[in-house]
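Please read the structure below before turning to the comments.
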There are 2 protein chains.
Amino acid sequence: MAATLKDVALAAGVSIKTVSNVINDYEHIRAETKQRVMEAISELGYSPNLSARSLRSGRTGVIGLAVPELSLSYFAELADSIIKAAGRRGLKVLIEQTGGDRDRELEILSSPRLQMTDGLLFSPLGMSNEDAHHLDVNFPLVLLGERIFGGPTDHVTMSNVESARAATAHLLSKGRRRIAVVGGHQGEVIGSAGLRLRGYRQALDEAGIPFDPALVAYATLWHRANGATSMRELLGSGVEFDAVFGMNDTLALGAMRVLQEAGRKIPDDVAVIGFDDLDEGRYSLPTLSTIDPGRIEIADTAVLVLQERISGREADLPPREFETRFRLIERESSALPA
Amino acid sequence: MAATLKDVALAAGVSIKTVSNVINDYEHIRAETKQRVMEAISELGYSPNLSARSLRSGRTGVIGLAVPELSLSYFAELADSIIKAAGRRGLKVLIEQTGGDRDRELEILSSPRLQMTDGLLFSPLGMSNEDAHHLDVNFPLVLLGERIFGGPTDHVTMSNVESARAATAHLLSKGRRRIAVVGGHQGEVIGSAGLRLRGYRQALDEAGIPFDPALVAYATLWHRANGATSMRELLGSGVEFDAVFGMNDTLALGAMRVLQEAGRKIPDDVAVIGFDDLDEGRYSLPTLSTIDPGRIEIADTAVLVLQERISGREADLPPREFETRFRLIERESSALPA
DNA sequence: CGCTCATCCTACAACGTTGTAGACTCACGT
DNA sequence: ACGTGAGTCTACAACGTTGTAGGATGAGCG
């Protein structure tokens with residue numbers, strides 16, 4: 001059906017290796033020969049069989065990206081950035097969804113399907129730091145996210161503690177003193193929730209404000225519904241607060257919804273800040289203050305680092321840790337009360 | 001590095017073909033032999049080289065999905081559903097982003113990169129009906145969306161006209177008479193905007209209400225920002241309206257934001273309905289009435305149909321058109337005024 | 001004039017898998 | 001005793017590509 005090197009070689013009157021050489025920009029080819037081969041190629045509509053090429057070369061030009069779910073906006077936007085970053089480097093992206101399930105995550109680390117890819121960008125949610133040894137696989141792997149630190153692979157992450165501290169300090173600077181947290185994970189130390197909570201507490205400490213556990217609402221999943229539920233719990237508990245730090249934008253938006261339903265004015269009664277800088281927060285009512293964790297930088301760095309490991313040039317380097325720069329984005333939800 | 005059939009064959013004391021047969025569940029193998037091979041496989045940690053397999057078999061087990069952008073929530077949720085549907089059928093998904101750009105879309109239809117996949121699910125945005133002939137490619141292709149009808153390939157689409165009519169009729173049933181539209185495409189007949197506008201007009205006709213062009217705000221892109229801008233234009237134009245039909249949820253949410261900013265109460269002053277049933281609309285303030293276009297059914301059908309074409313069993317069938325069932329979801333934004 | 005060396009090209013093998021054809025064994029019916 | 005056929009296994013070729021080794025040609029140089 002499709003034309004092969006052989007067909008082109010026949011049409012151009014050269015050997016198949018010469019055609020291959022033309023395609024791969026081998027330098028010692030007569031201009032006239034090259035011309036002839038090029039014509040045959042376009043005439044036959046030839047394009048290389050990538051399975052054969054990858055069998056021979058051991059490279060597929062495809063990287064895997066494993067994320068919990070694309071319907072979580074953060075991961076959708078991350079995937080977007082990663083596909084673009086990969087595209088700039090000539091790579092395609094195959095996406096796996098783990099659902100944030102530990103077993104599924106472990107399975108992906110040992111799945112034969114991954115042979116179709118040169119390496120994997122892996123953003124676990126169900127695995128914890130004790131699972132770090134499972135990352136010691138025999139293919140190039142770059143870890144994303146905050147579930148595991150000090151693992152055996154390169155790791156790209158955001159400045160969770162510092163940015164959460166900045167977010168909290170921002171609320172404090174607006175005169176808020178009772179800052180509720182939505183989306184904590186019970187007992188977590190490492191992980192987005194644990195780290196961001198640590199930043200929150202640091203900011204409180206610096207301001208000399210005692211930490212009140214009653215202000216922390218827990219939510220295992222970070223969907224909109226959980227933000228709404230957590231806020232209902234907070235309101236129901238009767239605890240007083242004048243600000244909310246959402247562990248991510250989605251939670252913050254769900255919480256805002258419930259706050260407004262309950263008649264609390266944002267930001268006058270309650271200031272709100274989120275985390276992730278989703279597009280959505282730019283058009284909510286009110287617009288949502290947030291932390292931009294440097295998503296594009298995360299994507300660029302991750303793809304670059306993975307490509308380095310794939311190329312093998314950096315094979316001897318020990319695992320590296322990259323932390324991106326964050327940015328506080330001030331919008332309406334955290335303005336000074338009128 | 002990695003073990004091959006040869007290594008396993010050596011370890012098990014059989015020919016490589018026998019190992020291959022075991023892997024492919026060939027039936028006539030002695031239980032004892034099978035056992036021995038299986039042990040060798042797990043001992044060596046063998047897993048098949050998929051490049052070689054796909055070179056030999058002509059199948060990769062990967063399908064491509066080309067969408068405008070994952071940061072558009074609709075496509076993120078669609079991609080989510082498609083990855084899940086593909087997973088159920090043992091397929092992996094490689095995602096391309098076109099940015100909704102016609103040139104990029106045409107390029108993807110002829111890209112050699114696609115050889116790494118068995119077929120393509122293609123959701124164009126920049127191409128128009130006149131480009132239909134570009135879909136006549138020599139690989140399995142299933143068209144998604146509303147840009148092109150009557151093309152040379154199978155096509156899975158939603159019931160745009162009927163569901164838009166139902167959405168409009170729903171607003172009419174709540175006593176609304178001046179229904180603004182956000183997100184029209186100037187002069188478009190085919191395409192989500194054109195079809196949904198047709199449904200809108202049909203509902204007006206049935207209710208005996210004349211169509212007022214001044215009520216239609218145009219927006220080429222369907223991002224949140226465009227919904228906001230369109231609504232600002234409508235408000236600025238001074239045209240009166242008591243309801244808004246957003247061509248999609250994202251537009252509707254952007255428009256709601258501006259409406260509320262301008263002091264219009266939803267649904268008391270203005271009722272709003274969107275289209276797509278994004279998770280977001282379930283937690284907005286107010287919650288957003290919408291059309292569920294049957295995303296999961298779209299994903300399932302598309303993957304099934306593509307797989308049929310890939311398998312070649314249905315190769316002789318003429319292009320088929322599939323239209324999914326929609327569902328009107330009534331939430332707060334379109335309730336009767338107090 | 002003959003040697004060296006760069007240039008341009010080719011033949012062949014190999015990547016790891018599966019399809020094809022066929023060899024061998026053994027039970028069965030004639 | 002002998003063909004038949006089902007069951008079990010193997011050798012070999014092929015998928016389309018690229019790496020290796022080397023052949024042919026001609027320019028440059030002593």
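The chains referred to below are lettered A, B, ... by the order of the sequence lines, with proteins before strands, and numbering in each begins at 1.
A/Leu50 has its CG atom 19 Å from the P atom of C/dG16, to the nearest Å. Between the CZ atom of A/Arg59 and the C1' atom of C/dC15 there is a distance of 14 Å, rounded to whole Å. At whole-Å resolution of the value, CD1 in B/Ile16 and C1' in D/dA13 are 11 Å apart. For A/Asn21 and D/dT20, the CG to P distance is 13 Å, given to the nearest whole Å. Between A/Leu5 atom CG and D/dG19 atom C1' the separation is 14 Å, expressed in whole Å. Here C/dC15 presents its C1' atom at 13 Å from CG of A/Asn49, a figure rounded to the nearest Å. Counting to the nearest Å, the P atom of D/dG7 and the CD atom of B/Glu27 are 7 Å from each other. Whole-Å rounding puts the B/Leu10 CG to C/dG16 C1' distance at 15 Å.
Nearer to the 5' terminus of DNA chain C, by closest-nucleotide assignment, is the contact made by A/Lys17 (compared with the other of A/Lys17 and B/Lys17). Taking the nucleotide of DNA chain D with the nearest heavy atom to each of B/Arg30 and A/Thr4, the more 5' of the two is matched to B/Arg30.
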Could you give me the CA-CA distance, side-chain angles and deciding distance for A/Phe122 and A/Leu135, then say whether side-chain contact (heavy atoms from CB on, under 4.5 Å) is met? CA-CA 9 Å; A/Phe122 188 59; A/Leu135 297 177; 3.8 Å; yes
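Contact check for A/Ile190 versus A/Glu146: no side-chain heavy atoms found under the 4.5 Å cut-off. With contacts defined as side-chain heavy-atom distances shorter than 4.5 Å, the pair B/Leu306/B/Leu91 does not qualify.
The existence of a salt bridge linking B/Glu107 and B/Arg104 is confirmed by a sub-4.0 Å separation between a basic side-chain nitrogen and an acidic carboxylate oxygen. Salt bridge present: B/Arg320 and B/Glu308 bring a charged side-chain N and a carboxylate O closer than 4.0 Å.
If you check D/dT10, C/dT18, D/dT18 against the side chain of B/Ser20, the one that comes closest is C/dT18. Listed nucleotides C/dC9, D/dT18, D/dG16 differ in distance to A/Tyr26; the shortest reach to its side chain belongs to C/dC9. Counting only heavy atoms from C-beta on, B/Leu55 has its side chain closest to C/dG16 among C/dC8, C/dG16, D/dT18. Distances from the side chain of A/Thr18 to the nucleotides C/dT17, C/dC9, C/dT7 place C/dC9 closest.
In terms of heavy-atom proximity, B/Leu120 sits nearest to B/Ala66 at CD1-N, 4.0 Å. Across every non-hydrogen atom of B/Ile148 and B/Asn129, the tightest pair is CA-OD1, 3.1 Å.
Scanning atom types as modelled, one donor and one acceptor separated by under 3.5 angstrom connect the side chain of B/Arg56 and the base of C/dT18.
Between B/Ser51 and the phosphate of C/dT17, there is no side-chain N or O to OP1/OP2 separation shorter than 4.0 Å. Checking the phosphate oxygens (OP1, OP2) of C/dT18, a side-chain nitrogen or oxygen of B/Asn24 falls inside 4.0 Å.
For the helix from C/dC1-D/dG30 to C/dT30-D/dA1, the terminal axes (five pairs an end, C1' atoms, rotation from four pairs onto the next four) enclose an angle of 50°, given to 10 degrees.
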